[in-house]
Amino acid sequence: MITEEINREHIKKSLAKLDEIYGVTKESFYHQQPWQLLAAIMLSAQSTDKQVEEVLPQLFNRFPNAENMAEASLDEIEDAIRSIGLYKNKAKNLKKCCQQIMEEFGGEVPEDMEGLLCLAGVGRKTATLYRSDAYGIPGVTVDTHVFRISRRLGWATGKDPVQVELELQDVLEEEHWNRINFQLIYHGRAVCTARKAKCGECVLEAWCEKKMD
DNA sequence: ATCCCGAGGG
DNA sequence: CCCTCTGGAT
């Protein structure tokens, strides 16, 4: 029982520090309509947001809405996103996703998890982040950074992202759900890196259990 | 468990 | 040169 209380206190202090260092809000990807936001998040898989933002203006200029992309050729979509990497899979998924939006959802991106998850190229991470960004719906988005860091800190022990998501939902106040993702991403890139974490520079070190992989 | 895959960092 | 990057599908 005592360990749990100490743990919660550590988490509380860590969260306050994260708010202080990285802020409590973040700009979403540039977009003018829901499907553009979804497309941007899909493109961000295994690549940096900077790379994504670089292709978005041209991409959306060429394909303003889901209908345009649903009817486009794969080659054309690939050309527009090639610099991001994983471009073949992403182009194929984008096209299929847009076709599904047109044919199964009347041209509108579904808002519920079930609808989003049946779209090509949309998994749990993408769907949760989309709902958070587009509508402010509370959700813990577990990507590689959140998975790695929350386990190192001792906030979660699950062996897969879904387990960790449930643990974090339990241990974090709902108010923090939508900001923990970008806060831990910033922290993961700058300090708590996958390899050779810079624990000496970490503002959370005092409360971290350092359960390294 | 593997593949995808260009760009940028160490 | 080698490594990793806000995953998802097979």
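Hydrogens, waters and symmetry mates play no part in the numbers below; they use all other heavy atoms, side chains included.
Counting non-hydrogen atoms under 4.0 angstrom, A:Lys50 reaches nothing in the nucleic acid. Counting any heavy atom pair closer than 4.0 Å across all strands shown, A:Thr193 reaches no nucleic acid atom. Among the atoms of the strands shown, none is found under 4.0 Å from any heavy atom of A:Leu184.
The ring-ring contact (aromatic ring centres under 6.0 Å, His included) test applied to A:Phe182 returns A:Tyr186, not counting sequence neighbours. Partners of A:Glu27 by salt bridge (Lys or Arg N to Asp or Glu O under 4.0 Å), not counting sequence neighbours: none found. A search for side-chain contact (heavy atoms from CB on, under 4.5 Å) contacts involving A:Arg82 returns A:Glu78, A:Asp79, A:Tyr87, not counting sequence neighbours.
Using a 4.0 Å cutoff on non-hydrogen atoms, the parts of residues 130-146 of chain A near DNA chain C are A:Asp143, A:Thr144, A:His145, ordered by number. Interface residues of residues 118-125 of chain A facing DNA chain C, ordered by number: A:Leu119, A:Ala120, A:Gly121, A:Val122, A:Gly123, A:Arg124, A:Lys125; criterion, heavy-atom separation under 4.0 Å. For DNA chain C, none of the residues of residues 151-175 of chain A falls under the heavy-atom distance limit of 4.0 Å.
Applying the under-4.5 Å side-chain rule to Ile, Leu, Val, Met, Phe, Trp and Tyr, the cluster around A:Met113 extends to A:Leu117.
Read 5' to 3', the first and last nucleotides of DNA chain B with an atom closer than 4.0 Å to a heavy atom of chain A are B:dC4 to B:dA7.
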Quiz prompt | Residues A:Asn93, A:Val122; criterion side chain to side chain contact (heavy atoms under 4.5 Å, CB included); working and verdict | solution = CA-CA 8 Å; A:Asn93 286 332; A:Val122 178; over 6 Å; no
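Residue pairs meeting the ring pair (Phe, Tyr, Trp, His ring centres under 6.0 Å) criterion with at least one partner in residues 142-173 of chain A, sequence neighbours excluded, are absent. Identified under the salt bridge (Lys or Arg N to Asp or Glu O under 4.0 Å) test for residues 91-118 of chain A, with sequence neighbours left out: none. Among pairs with a residue in residues 25-48 of chain A, those fulfilling ring pair (Phe, Tyr, Trp, His ring centres under 6.0 Å) read A:Trp35-A:Phe60, at least two apart in sequence or across chains.
Nearest-nucleotide mapping onto DNA chain B: of A:Lys196 and A:Tyr87, the residue sitting toward the 5' end is A:Tyr87.
The same atom, P, is picked in C:dT6 and in B:dT2; the two are 23 Å apart, to the nearest Å. Look at the P atom in both C:dT10 and B:dC5: the space between them is 15 Å, to the nearest Å.
To the nearest 0.5 angstrom, A:Trp177 atom CH2 is 8.5 Å from A:Leu172 atom CG. Note that the CD1 atom of A:Ile41 and the OG1 atom of A:Thr141 stand 8.5 Å from one another [nearest 0.5 Å].
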Expected list for residues 203-210 of chain A: side-chain donor-acceptor pairs under 3.5 angstrom, two or more places apart:
residue, atom, partner, partner atom, Å
A:Glu205, OE2, A:Lys210, NZ, 2.8
A:Glu209, OE1, A:Lys211, NZ, 3.0
A:Glu209, OE2, A:Asn7, ND2, 3.1

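Atom-to-atom, CD1 of A:Ile185 to P of C:dC5 comes out at 12 Å; the value is rounded to the nearest Å. Rounded to an integer number of Å, the gap from CD1 of A:Ile84 to C1' of C:dC5 is 12 Å. Separating the CE atom of A:Met42 from the P atom of C:dG7 is a distance of 14 Å, rounded to the nearest angstrom.
Salt-bridge formation is not detected for the pair A:Lys50/A:Glu53: no Lys NZ or Arg NE/NH1/NH2 atom is positioned less than 4.0 Å from an Asp or Glu carboxylate oxygen.
Proximity note for A:Ala45 (side chain, C-beta onward) versus C:dG7, C:dC3, C:dA9: the nearest is C:dG7.
Between A:Ser132 and A:Thr128, every side-chain heavy-atom pair lies at or beyond the 4.5 Å cut-off.
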